[in-house]
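Only heavy atoms go into these numbers, but all of them, side chains included; no hydrogens, no water, no symmetry mates.
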Amino acid sequence: MPTTYVLSGKSSSFSLKAIRAVATSAFGEQHTLTRTKYSLSHTNPTHRKLILSLEKRVNKKVMAMFEKAEDEYNDLISKKNIIENDKSKIKMVIEELDEKKKETLKVTWVKVNNDFGSIFSTLLPGTMAKLEPPEGGSFLDGLEVRGAFGGV
């Protein structure tokens, strides 16, 4: 968005970035300007002439292209931040679902284990059977059938 600045009584349309670049390169130091009307009438006449001569050399198409590229960059950064936030939310949901899955599997395992043992001992009196995870593993790694005959 170009802002109009008054340079020695002449009205010129410069972007703030263009004036900063001119001021930095012309004077060797960064001048802080805001998006308000700025008058160079109080500055050194040599600096004023230099800025006016640079005004004619500034390629306005390049400045417009630069501002457009900068706006696109800012839009992409904004979209990147949105995507990163969504990614972290998705990760949290996945973790919650994994925990619920583990809890549900454990509850199911305990119930099936009780029912399996009861059915097995009903079919074969004096025996016992249960579902257990493999040694060194958890119920998420799988289950093994263990049977005992005659109370062994």
[Y] and [X], any side-chain heavy atoms less than 4.5 Å apart:
| X | Y | result |
| --- | --- | --- |
| Val145 | Phe120 | no |
| Glu144 | Pro134 | yes |
| Lys106 | Phe139 | yes |
| Pro133 | Leu143 | yes |

Checking the side chain of [X] only, and the main-chain atoms of [Y] only, is there a donor and an acceptor separated by less than 3.5 Å?
| X | Y | result |
| --- | --- | --- |
| Thr122 | Ser118 | yes |
| Asn85 | Ile82 | no |
| Trp109 | Leu131 | yes |

Passing option when Lys111 is tested against Thr108, Asp115, Val107 for side-chain contact (heavy atoms from CB on, under 4.5 Å): Asp115
Enter the distance from [X]:[atom1] to [Y]:[atom2] here, rounded to the nearest 0.5 Å.
| X | Y | atom1 | atom2 | answer |
| --- | --- | --- | --- | --- |
| Glu132 | Arg146 | CD | CZ | 5.0 Å |
| Leu76 | Asp71 | CG | CG | 11.0 Å |
| Ser88 | Ile83 | OG | CD1 | 12.0 Å |
| Tyr73 | Ser78 | OH | OG | 12.0 Å |

Residue pairs fulfilling salt bridge (Lys or Arg N to Asp or Glu O under 4.0 Å) with at least one residue in residues 72-82, sequence neighbours excluded: Lys80-Glu84
Can you give me every donor-acceptor pair (side chain of residues 89-103, partner residue at least two apart or in another chain, under 3.5 Å) with its distance?
none

Co-members of the apolar cluster containing Ile119 [side chain, <4.5 Å]: Leu123
